[in-house]
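Letters go in sequence order (proteins before strands), and every chain restarts at 1.
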2 protein chains.
Amino acid sequence: MKVQPVVWREGVVAMLDQTQLPERVVIEEFDDWRGVAEAIRQMKVRGAPAIGIAAAYGLALAARNINAPTMDAFRTEFDAICTAFAQTRPTAVNLFNAIERMQRVVAHSATPDEARARLLTEAHAIQREDYEADHALATHGAVLLPDNARVLTICNTGALATGGIGTALGIIRVAHQQGKLAHVYACETRPRLQGLRLTTWELLQEGIPFEVIADSAAGLLMAQGKVDAVLVGADRIAANGDTANKIGTYMLAVLAHYHQVPFYVAAPESTIDPTTPDGAHIPIEHRDPSEITHLGAIQLAPAGAPAFNPAFDVTPASLISAIITERGVYRPPYRFTSVPSTQG
Amino acid sequence: MKVQPVVWREGVVAMLDQTQLPERVVIEEFDDWRGVAEAIRQMKVRGAPAIGIAAAYGLALAARNINAPTMDAFRTEFDAICTAFAQTRPTAVNLFNAIERMQRVVAHSATPDEARARLLTEAHAIQREDYEADHALATHGAVLLPDNARVLTICNTGALATGGIGTALGIIRVAHQQGKLAHVYACETRPRLQGLRLTTWELLQEGIPFEVIADSAAGLLMAQGKVDAVLVGADRIAANGDTANKIGTYMLAVLAHYHQVPFYVAAPESTIDPTTPDGAHIPIEHRDPSEITHLGAIQLAPAGAPAFNPAFDVTPASLISAIITERGVYRPPYRFTSVPSTQG
């Protein structure tokens with residue numbers, strides 16, 4: 001795997017700045033946790049699993065720089081930093097899961113030095129688990145695809161979004177290796193164009209045949225019988241299976257339902273949030289309207305044009321044919337209960 | 001009405017270059033029909049009715065410069081120019097209707113001079129009919145909206161797209177004047193962003209409350225119960241009511257159907273093509289992939305990323321609650337027969 005969104009490098013968090021892809025491959029290095037938190041907010045790193053990994057390394061980095069004589073003082077400062085990370089992105093649950101795991105490590109450490117060492121170990125574990133989860137998930141998912149599958153996907157759910165080969169895009173990778181993938185339709189994914197900029201970049205590197213489309217062309221493709229399955233990632237899966245993912249995912253689910261095309265959600269277990277009963281309880285991030293009205297510094301809309309810019313939508317469980325994780329394939333009715341994935 | 005996409009000005013065709021809006025208001029003047037045809041192809045003028053008007057004036061202009069001694073020679077040259085105009089955009093039927101009307105004028109003219117005079121009169125008539133049709137259409141359409149209507153629309157169907165106040169956007173204008181419009185959601189309309197650039201521009205000028213959205217956010221809005229009606233234009237309506245319109249229209253129709261939101265098509269009678277039996281017979285224009293992978297000169301996708309770029313899709317009649325024209329409101333089942341609108 002060549003692509004790594006976040007790595008730990010001798011006391012600094014090194015991050016591929018995804019806002020500059022595909023034009024420039026820029027690795028940014030942070031020796032202060034504030035830089036990591038700001039990078040998450042600015043979406044230099046994005047994708048629910050990768051956000052969790054970045055936060056974990058950010059907290060491991062923060063711990064090194066906390067100058068506290070006692071464990072109590074250390075914990076107070078650490079918790080404040082956790083709160084700052086928790087405020088960067090509200091929807092992806094992997095962020096909160098990672099923070100919680102890091103806080104648990106601190107709770108079980110006797111000294112600040114022990115905490116510092118164990119926090120880094122935990123961050124590495126989160127990344128490694130994601131890496132392993134991706135491969136298991138992809139293997140389970142590829143089984144669901146027919147031969148010569150034509151798959152439609154949205155956003156970027158690849159190596160850039162996770163610690164491994166990706167979730168939905170990981171399935172696409174494995175299906176391609178197995179020779180059963182005919183074509184990928186990549187939704188460009190407005191407003192930030194993760195599909196157009198990032199998914200295409202990964203697919204080109206792998207030599208996987210694809211075309212990028214305007215998100216709104218998904219209906220035409222399904223009406224023409226050109227889509228055998230829709231594969232998407234997830235930012236949070238509620239206890240009942242309702243799934244928050246990139247804006248436009250719900251539209252794809254309704255279209256798939258109407259055209260009787262299977263609609264699959266692929267995500268690691270760490271994306272499942274049994275404490276959120278259903279989709280109505282998932283907080284949806286609304287981002288700056290300028291993401292729609294501008295492209296970088298270029299103004300596209302007339303001055304003063306207001307925009308509505310939800311970053312995610314919720315797909316009800318009833319429209320999801322299956323949820324694929326590293327543990328296997330869940331079929332409806334979904335009921336996820338509170339078993340932390342570390343104990344699984 | 002301040003906005004006019006095309007006007008005849010003392011022997012030249014003056015056209016508002018819509019590819020430069022909203023940044024710059026540039027009027028281009030053409031004294032050669034080739035410039036008009038190329039402007040249609042480049043979408044400097046767009047919107048099915050406006051394309052028809054532009055072609056009509058382009059042919060009136062061409063007629064002035066045909067240096068033919070006999071009517072036969074005139075007709076031969078004129079027909080060749082008609083063929084050139086017919087090849088600019090394949091989907092919108094108004095273009096072909098306008099060409100056919102202009103050819104009929106030539107067929108009924110005794111001399112080139114008579115043809116030249118009558119062609120200009122006919123072009124003016126096409127524009128005036130569109131202007132009048134828009135007002136009648138908008139009045140019929142506004143009746144269908146509830147009080148405090150929240151309307152979702154796609155592309156630009158306003159004054160920029162027609163000879164008058166617009167079709168779907170004309171209804172929105174009249175509903176706003178009647179005080180029964182609460183809010184407009186304008187789909188930005190990838191890839192060319194006619195909604196983001198042009199519809200917003202018209203709505204701002206009229207003081208109509210709106211937000212522009214990523215096309216893919218339409219599903220979320222309907223799921224949240226925020227859309228009372230979807231109003232769209234049309235580029236061609238087949239005899240059975242199947243309707244070709246901007247890519248993404250079909251997606252909106254499926255979403256509206258799923259959420260039980262009324263889905264209305266608004267177009268002048270000149271957009272109805274009784275000679276096309278159904279949607280399967282409407283030619284769909286595929287435009288250059290660079291419209292998706294680039295924004296003007298700026299490359300957004302990685303080099304070599306292929307794109308699939310249909311400019312239109314077809315919405316089956318079964319998903320259309322009503323078709324609104326200047327004659328009134330058609331309800332399903334639709335059956336349009338061959339009565340030229342000039343005889344209506």
Novice: Just give me the residue among A/Arg197, A/His257, A/Gln299 that pairs up with chain B most often, heavy atom to heavy atom, under 4.5 Å.
Specialist: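 Most heavy-atom pairs within the cutoff with chain B belong to A/Arg197.
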
Novice: Which value, rounded to the nearest 0.5 Å, describes the distance between A/Thr19 atom OG1 and A/Glu28 atom CD?
Specialist: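 Rounded to the nearest 0.5 Å, the OG1-CD separation comes to 8.0 Å.
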
Novice: I need the residue from A/Ala217, A/Ala186, A/Pro191, A/Cys187 with the largest number of non-hydrogen atom pairs under 4.5 Å to chain B.
Specialist: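 Winner by heavy-atom pair count: A/Ala217.
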
Novice: Looking at every heavy atom in both B/Ala234 and B/Ala48, which two are closest together, and how far apart are they?
Specialist: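 For B/Ala234 and B/Ala48, the tightest heavy-atom pair comes out as O-CB, 3.6 Å.
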
Novice: Identify which part of A/Leu193 has an atom lying under 4.5 Å from any heavy atom of chain B, answering side chain, backbone, both or neither.
Specialist: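 Just its side chain gets close to chain B.
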
Novice: At a 4.5 Å cut-off on heavy atoms, which part of B/Phe308 comes close to chain A: side chain, backbone, both, or neither?
Specialist: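 When you check distances to chain A, atoms from both the backbone and side chain of B/Phe308 fall under 4.5 Å.
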
Novice: Can you tell me which portion of A/Ile298 sits under 4.5 Å from chain B's heavy atoms? Options are side chain, backbone, both or neither.
Specialist: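 For A/Ile298, the contact with chain B is made by the side chain alone.
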
Novice: Hey, is the main chain of B/Ala50 close enough, under 3.5 Å, to the side chain of B/Thr162 for a donor-acceptor pair?
Specialist: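 Not a single qualifying donor-acceptor pair exists.
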
Novice: Which heavy atom of B/Val261 sits nearest to which heavy atom of B/Met222, and what is that distance?
Specialist: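 Distance-wise, the nearest heavy atoms are CG2-SD, 4.4 Å.
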
Novice: Taking A/Arg150 for its side chain and A/Gly225 for its backbone only, find out whether a donor-acceptor pair lies under 3.5 Å.
Specialist: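 Pair found, side chain donor or acceptor close to backbone of A/Gly225.
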
Novice: Kindly say whether B/Arg190 contributes a backbone atom to a donor-acceptor pair with the side chain of A/Arg190 at under 3.5 angstrom?
Specialist: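 Not at all, since once roles are kept as given, no pair shorter than 3.5 Å links the two residues.
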
Novice: For the residue pair B/Ile282 and B/Ala238, what are the closest heavy atoms and their distance?
Specialist: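 For B/Ile282 versus B/Ala238, the nearest heavy atoms are CD1-CB, 4.4 Å.
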
Novice: Anything in residues 239-256 of chain A with a heavy-atom distance to chain B below 4.5 Å? Please list those residues in order.
Specialist: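 At a heavy-atom separation under 4.5 Å, chain B is reached by A/Ile247, A/Gly248, A/Tyr250, A/Met251, A/Val254, A/Leu255.
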
Novice: Roughly how far apart are A/Thr199 OG1 and A/Leu160 CG, rounded to 0.5 Å?
Specialist: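 Between A/Thr199 OG1 and A/Leu160 CG, I get 8.0 Å after rounding to 0.5 Å.
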
Novice: Go through A/Pro306, A/Gly219, A/Pro22 and name the one with the most non-hydrogen pairs under 4.5 angstrom from chain B.
Specialist: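 Most heavy-atom pairs within the cutoff with chain B belong to A/Pro306.
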
Novice: In terms of heavy-atom proximity below 4.5 Å to chain A, should B/Leu204 be classed as side chain, backbone, both, or neither?
Specialist: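 Side chain only.
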
Novice: Nearest 0.5 Å, please: how far is CG in B/Asn309 from CG in B/Asp288?
Specialist: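 Those atoms lie 7.5 Å apart.
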
Novice: By a 4.5 Å heavy-atom criterion (distance strictly below it), what part of B/Ala303 contacts chain A: side chain, backbone, both, or neither?
Specialist: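 Backbone of B/Ala303 only, per the 4.5 Å heavy-atom cut-off to chain A.
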
Novice: Minimum heavy-atom separation for B/Val212 to B/Phe210, with atom names?
Specialist: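 The answer is N-CD1, 3.9 Å.
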
Novice: For a quick test of reading the model, state the closest non-hydrogen atom pair linking B/Leu145 to B/Ala175 and the distance between them.
Specialist: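 Distance-wise, the nearest heavy atoms are CD1-CB, 3.8 Å.
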
Novice: Assess the residue pair A/Gln18 and A/Arg46 against the criterion (side chain to side chain donor-acceptor pair (under 3.5 Å)); give the C-alpha distance rounded to whole Å, side-chain angles, the decisive distance to 0.1 Å, and a yes or no.
Specialist: CA-CA 8 Å; A/Gln18 298 189 35; A/Arg46 26 67 50 202; 3.0 Å; yes

Novice: Does any heavy atom of chain A fall under 4.5 Å from the side chain of B/Leu295, the backbone, both, or neither of them?
Specialist: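 For B/Leu295, side-chain heavy atoms alone lie under 4.5 Å from chain A.
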
Novice: For B/Glu291, is it the side chain, the backbone, both or neither that has a heavy atom under 4.5 Å from a heavy atom of chain A?
Specialist: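 Contact with chain A involves no heavy atom of B/Glu291 at all.
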
Novice: Determine the option with the most heavy-atom pairs under 4.5 angstrom with chain A, choosing from B/Gly304, B/Pro310, B/Ala305.
Specialist: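 The answer is B/Ala305.
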
Novice: Is B/Leu21 in contact with chain A via its backbone, its side chain, both, or neither, using a 4.5 Å heavy-atom distance?
Specialist: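 Nothing of B/Leu21, per the 4.5 Å heavy-atom cut-off to chain A.
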
Novice: Report which part of B/Ile154 has an atom under 4.5 Å of a heavy atom belonging to chain A: side chain, backbone, both, or neither.
Specialist: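 Neither part.
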
Novice: Counting heavy-atom pairs under 4.5 Å with chain B, which one of A/Leu198, A/Leu196, A/Ile213, A/Leu221 comes out on top?
Specialist: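 Most heavy-atom pairs under 4.5 Å with chain B: A/Leu196.
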
Novice: What's the verdict on salt bridge (charged side-chain N to carboxylate O under 4.0 Å, His left out) for A/Arg236 and A/Asp273, showing C-alpha distance, side-chain angles and the deciding distance?
Specialist: CA-CA 6 Å; A/Arg236 187 184 305 211; A/Asp273 178 18; 3.1 Å; yes

